[in-house]
Number of protein chains: 4
Amino acid sequence: MKRDPKGKRRRPRQTRARQTVEAILDAVMKVIKHDGIGAVTTNLIAEVAGVSIGSVYQYFPDKRAIFIALHQRHVEQIERFVVSKLVEHAASPLVVLVRAMVEAMVDAHAIDPELHELLMTEVPHRAEGTRDFAVRLHGAFRLAIAAHARELKACRDLDLTVFMVTQMVDALSHGAVLRRPPGVTLNAAKEEAVRAVSAYLRG
Amino acid sequence: MKRDPKGKRRRPRQTRARQTVEAILDAVMKVIKHDGIGAVTTNLIAEVAGVSIGSVYQYFPDKRAIFIALHQRHVEQIERFVVSKLVEHAASPLVVLVRAMVEAMVDAHAIDPELHELLMTEVPHRAEGTRDFAVRLHGAFRLAIAAHARELKACRDLDLTVFMVTQMVDALSHGAVLRRPPGVTLNAAKEEAVRAVSAYLRG
Amino acid sequence: MKRDPKGKRRRPRQTRARQTVEAILDAVMKVIKHDGIGAVTTNLIAEVAGVSIGSVYQYFPDKRAIFIALHQRHVEQIERFVVSKLVEHAASPLVVLVRAMVEAMVDAHAIDPELHELLMTEVPHRAEGTRDFAVRLHGAFRLAIAAHARELKACRDLDLTVFMVTQMVDALSHGAVLRRPPGVTLNAAKEEAVRAVSAYLRG
Amino acid sequence: MKRDPKGKRRRPRQTRARQTVEAILDAVMKVIKHDGIGAVTTNLIAEVAGVSIGSVYQYFPDKRAIFIALHQRHVEQIERFVVSKLVEHAASPLVVLVRAMVEAMVDAHAIDPELHELLMTEVPHRAEGTRDFAVRLHGAFRLAIAAHARELKACRDLDLTVFMVTQMVDALSHGAVLRRPPGVTLNAAKEEAVRAVSAYLRG
DNA sequence: CATGAATGAGTGTTCATTCAT
DNA sequence: AATGAATGAACACTCATTCAT
């Protein structure tokens, strides 16, 4: 596989391919939001994406693969988002870090809560390569928390602690966006989540 | 044609109907676990349930309704399970109550974790009547927690607190069963969850 | 099966049977007019008729038989109607007779033109026992026309003449009710039909 | 319409599509005549037409649409047939024209009387685009009759006259083919029809 | 590589009919 | 005779996938 000698120009094929893939995934999202997953057919995906059905099968072996890719993209977007927030606060004190984590996740969920919910409840996604939300975040959170390991008194098992924090942050931010009780503001829910995680970490 | 001596009319309606519905839902579960949701066809459901396809449509307007009912039944089972555990500990101190809550949820999830995961990730739900897990538990948890309201110093908003506890217990017990890191025992995960919830409630 | 010794009372069985049959046929009509023949199912017929589906099959061997009976009843109603008009004018001059025939048929069609049209275009009816409209009228018209045979100069073959008159009266009255051009009143169409038939009979 | 001599791209669209549609309609006719409409299933249509069931649904939204198209084609065939006969006799005297009209219709009905009858009595029609036989002929007949308007003494309303003639020709030719009394030849029935229409037009 | 017409196995669903009560 | 739950053969229709162009 020869690399481009000069490395200046991107191979147009790769670029076009990525564009097409993106168009297809965008189309799936659009259709899901408009009419539910029941309306998602490969032919409709192709039509909405503005490509031929043949091209869809150029990039995806079958329909299932499209859903998996959609999940992957969605999770990766959030992951990128969260990681970037986390590095910002690499040097912050623990509470600030926790607040940043919660805020990042809430923001991530708030981008398109409806779609997130649909992806989680309606779109089949159990498959290799698409590990769950919380699992994907494990790595990012581990790094961030490890930096504060000494502050954590009761932390005997870092992996366990990271696991717990990840689950809590994921669930509480998801819940804050989509299921908080009426009368509770998003900010209040956020603060409460920060409080909960902090309390846990403090021991 | 023997009429029953006392009873004027046979009335197998309610009983038979419920039996049939149960048989159908059991059949769906069986098929899902055997061959995945991809293999779930209405005719197969009928066959496995030992009823005619026509009878399936006597009780469910369409395939989707079967899935919804399956979710409902599953969630209700867990709810019943959790509630019964909760009433057992109506008079217990807070920490014991929290441990009971976590244990109940972990046990509930552990009954058939595979099925639970499949129901959540592969089977389309999202429809009236199938509110989320955590939402169903809200009521049960609220009752249990309200009894300890005085002990909760930092509790300004009971609903918010209940919401938080529900989310945490649900996520942590679900995670403990299905996503705990390797090397962490179920019991350790349980204890950690109890610790986390207690820490939050303590303020 | 003993007949009623005195013969005073109608056998309730016969009466009930006829009532049920009528209720079934009425139900079919009702459903057809409400939702089209596409909506006509035996179970719905039973429901609308207020009898059990089992009772429907007590009186009709299958669905087709119901349609045939419906046609038969409809045609017989019209036939009775026309015949009674015809006997009124048994002694009238030819033109009056023709006018009476046309009027009778127009009135018959006008009773429920919509249903008539539906019966003819949507409801399958080719079967023994359900000869066509015009054929059923042949006998009635034959009698009426035969009385005026001597007036008919050009009438070499009475059957042919009756056939022609029947076709014309049927088609023209049906058309007058359902297809006359805009701007033409029903009465004008009637008169024109009378003129046409008279012209034919006059030779 | 072969544009490019070299032929850069095949464009079988229009032609192939029409061929397929014709094949489907022919298949329906074939099945109806063989086994009755009861035997007409979409899959059988596809099989007999030599196309896949998927292709059937490429051209028709549902089964009903196939029947409608079949009616349309049938009526259009007859219309074309009649019109061509009519233009042949554009300059003929009235009686000859009437004879031509009757003959055209009789011939049209006689092409396949069985199918015609089945289409009319067994196949659901009645939908936009499938106006009745007589209505379709109205235009053709109007043109033909208008040319002789001066000869028609008693014709006050051309539309009414055309309506009457259309109804009569349709009914009498249809009846001549399918319902003439035994002992009456087709030719005799034709002549009688010509006589009837002529008598009407003469006033 | 792209296209999109064609495919056809497979599915959900209906509904005429039966028969135990 | 009446009932109506149950039946299941049969059907209309979909849609993932292919492949000739």
Side-chain angles (χ1 to χ4, degrees), chain A residues 12-13 16-17 20 38-47 50-66, chain B residues 1-4 9-13 16-17 20 38-47 50-66, chain C residues 12-13 16-17 20 38-47 50-66, chain D residues 7-13 16-17 20 38-47 50-66:
Chain A
R13 259 172 307 170
R16 289 257 310 166
T20 303
V40 179
T41 68
T42 50
N43 286 288
L44 182 57
I45 291 172
E47 192 186 319
V51 300
S52 73
I53 178 64
S55 291
V56 172
Y57 279 87
Q58 196 83 36
Y59 295 106
F60 297 97
D62 56 28
K63 197 190 184 186
R64 187 171 181 75
I66 300 175
Chain B
M1 209 175 287
K2 16 179 143 169
R3 320 247 187 79
D4 45 356
R9 246 175 221 268
R10 292 297 184 85
R11 182 189 22 121
R13 271 207 315 263
R16 289 261 306 166
T20 303
V40 179
T41 68
T42 51
N43 285 288
L44 182 57
I45 291 172
E47 193 185 320
V51 301
S52 74
I53 178 64
S55 290
V56 171
Y57 280 88
Q58 196 105 43
Y59 295 107
F60 297 97
D62 54 28
K63 196 190 184 186
R64 187 175 181 73
I66 300 174
Chain C
R13 259 170 312 170
R16 288 256 310 166
T20 303
V40 179
T41 68
T42 50
N43 286 288
L44 182 57
I45 291 172
E47 192 187 321
V51 301
S52 72
I53 178 63
S55 290
V56 172
Y57 279 87
Q58 197 83 36
Y59 295 106
F60 297 98
D62 55 28
K63 197 190 185 187
R64 188 171 181 73
I66 301 174
Chain D
K8 275 167 195 160
R9 248 177 220 268
R10 292 300 184 83
R11 182 187 24 117
R13 273 207 314 264
R16 290 259 308 166
T20 303
V40 179
T41 69
T42 50
N43 286 290
L44 183 56
I45 291 172
E47 192 185 320
V51 300
S52 73
I53 178 65
S55 290
V56 171
Y57 280 88
Q58 196 107 44
Y59 295 107
F60 298 96
D62 56 27
K63 196 189 183 187
R64 187 174 180 72
I66 302 174

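Proteins come first, then strands; the chains are lettered A, B, ... in the order of their sequence lines, and each starts at number 1.
- If you check E:dG8, F:dC11, E:dT17 against the side chain of D:S52, the one that comes closest is E:dG8.
- At a threshold of 4.0 angstrom between heavy atoms, the contacts of C:V40 are confined to the sugar-phosphate backbone, with no base atom among them.
- Nearer to the 5' terminus of DNA chain E, by closest-nucleotide assignment, is the contact made by A:T20 (compared with the other of A:T20 and B:G38).
- Checking E:dA16, F:dT3, F:dC13 against every side-chain atom of D:Y57, the shortest atom distance belongs to F:dC13.
- Between the CD atom of C:Q58 and the P atom of F:dA2 there is a distance of 5 Å, rounded to whole Å.
- When distances run from any side-chain atom of C:R16 to the nucleotides E:dT17, F:dA6, F:dA2, the shortest one goes to F:dA2.
- Between D:Y59 and D:S55, the shortest heavy-atom distance links the atoms CD1-O, 3.1 Å.
- Expressed to the nearest 0.5 Å, how far OG of C:S52 lies from CD of C:E47 amounts to 12.0 Å.
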Take A:Y57 and A:T42, measure what side-chain contact (heavy atoms from CB on, under 4.5 Å) needs, and give me the verdict at the end.
CA-CA 9 Å; A:Y57 279 87; A:T42 50; 3.6 Å; yes
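- Residue D:T42 is the one, among D:T42 and A:G54, whose nearest nucleotide of DNA chain F lies closer to the 5' end (criterion: closest heavy atom).
- Of the candidates D:D62, D:N43, D:T20, D:V51, D:V56 forms a side-chain contact (heavy atoms from CB on, under 4.5 Å) with just one, namely D:V51.
- For the OP1/OP2 pair of E:dC15 and a distance below 4.0 Å, the side-chain nitrogens and oxygens of C:T41 include no atom meeting the criterion.
- Per the geometry, CG belonging to C:L44 stands 16 Å off C1' belonging to E:dT17, to the nearest Å.
- Rounded to an integer number of Å, the gap from CZ of B:F60 to P of E:dT11 is 20 Å.
- The nucleotide F:dC15 finds its pairing partner in E:dG8, both defining distances of the Watson-Crick or G-U wobble pair being shorter than 3.5 Å.
- The CD1 atom of B:I53 lies 10.0 Å from the CG atom of B:L44; values are rounded to the nearest 0.5 Å.
- The base of F:dC11 does not come close enough to the side chain of D:N43 for any donor and acceptor atom to sit less than 3.5 Å apart.
- Both D:V51 and C:D62 sit near DNA chain E, but only D:V51 has its closest nucleotide nearer the 5' end.
- Figure legend. F:dA1 is base-paired to no nucleotide; pairs are counted as Watson-Crick or G-U wobble with both atom distances under 3.5 Å.
- Rounded to an integer number of Å, the gap from A:I66 CD1 to F:dC15 P is 14 Å.
- Listed nucleotides E:dT3, F:dA2, E:dA16 differ in distance to A:S55; the shortest reach to its side chain belongs to E:dT3.
- Remark: C1' of F:dT14 and NZ of D:K63 are 17 Å apart, rounded to the nearest angstrom.
- Here the side chain of A:I53 is nearest to one of F:dA5, F:dA12, E:dA5, namely E:dA5.
- The nearest whole Å value for the distance from the CD atom in B:E47 to the P atom in E:dG10 is 15 Å.
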